[in-house]
Amino acid sequence: MTPFVFVSDLDHTFVNHDVEEDRQRWELQEKLDAHRQKYGTKIVYATGRSPQLYQELAVEKQLISPDALVLSVGTEIYMQGSDTPDTEWVNLLAQNWQRETVVKTAAKFPELKAQPDSEQRQFKVSFWLEEEYSEKILPEIESELRKYALNIKLIYSSGIDLDIVPANSDKGQAMHFLRQRWEFAAAQTVACGDSGNDIALFATGESRGIIVGNARPELIQWHHQNPNPNRYLAQNICAGGILEGLNHFGFL
Ligand SMILES: [Mg+2]
């Protein structure tokens, strides 16, 4: 057995919110932890959650502690045991990012409802945008922001969440950053997800991907439009789908 980098989204991927007791997640956690202790496998959670909302979930669900945390859709990386975002990642994202300009520009669009303060981060400005408006509004916001030649990207997910972040930050680029820091090959890296903000995890060529069986239509559609033999669409949902995929690729 060889070590690998395990990267997983949390909500509706690693964590099934529809069940009280998720035995498959306990099985997955146990297997991952054993693999880490025996072979040096790395565990990473990559989530849209802020540090505050991550902590709440980690305590509630008793998540095993990760080797690194990718929070706020990839705009913050915390190495194990650290309360402060990784400075190398911060310096990369700070280039050409002007938070105030993003906030001011977005204020011109009444369809955008600001998310709570805890979700507004140094490199992430977050809104709720109803799906019915999204097709019309998203290109308008993007072209408005482009006028300032900002280094930005829009991530729309789950038919409601809109995150405006630096162009060089997403879950996939954060995964790449960690993989290189730990010196793992792409083929020894596997990412798991269920929704639109996980697409970046699957868009990185050689690394392996597991889409859980309960994935949202936006991700399934993208998967079929961008076929890749390194990506596996599981039958089972959440942790059950992850276990299925890890077996499929021979990681476990
Ligand atoms: Mg999710």
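Ligands are counted one by one from 1 in listed order, and the atoms in each one are counted from 1 as well. By convention here, the first residue in the shown sequence is residue 1.
- Salt-bridge check for K61 with D22: failed, with every basic side-chain N at 4.0 Å or more from each acidic carboxylate O.
- As for D11, its N/O/S atom nearest the Mg ion (ligand 1) is the one called O.
- For D194, the N, O or S atom closest to the Mg ion (ligand 1) goes by the atom name OD1.
- A donor and an acceptor atom, one from each side chain of Q120 and D117, are nowhere located under 3.5 Å apart.
- Ionic pairing of E27 and R23 is not present here: no N-O contact between side-chain nitrogen and carboxylate oxygen is shorter than 4.0 angstrom.
- Screening V70, V73, L92, T75 for a side chain to side chain contact (heavy atoms under 4.5 Å, CB included) with S169, the sole residue that qualifies is T75.
- Residue contact annotation: D9 places an N/O/S atom under 2.8 Å from the Mg ion (ligand 1).
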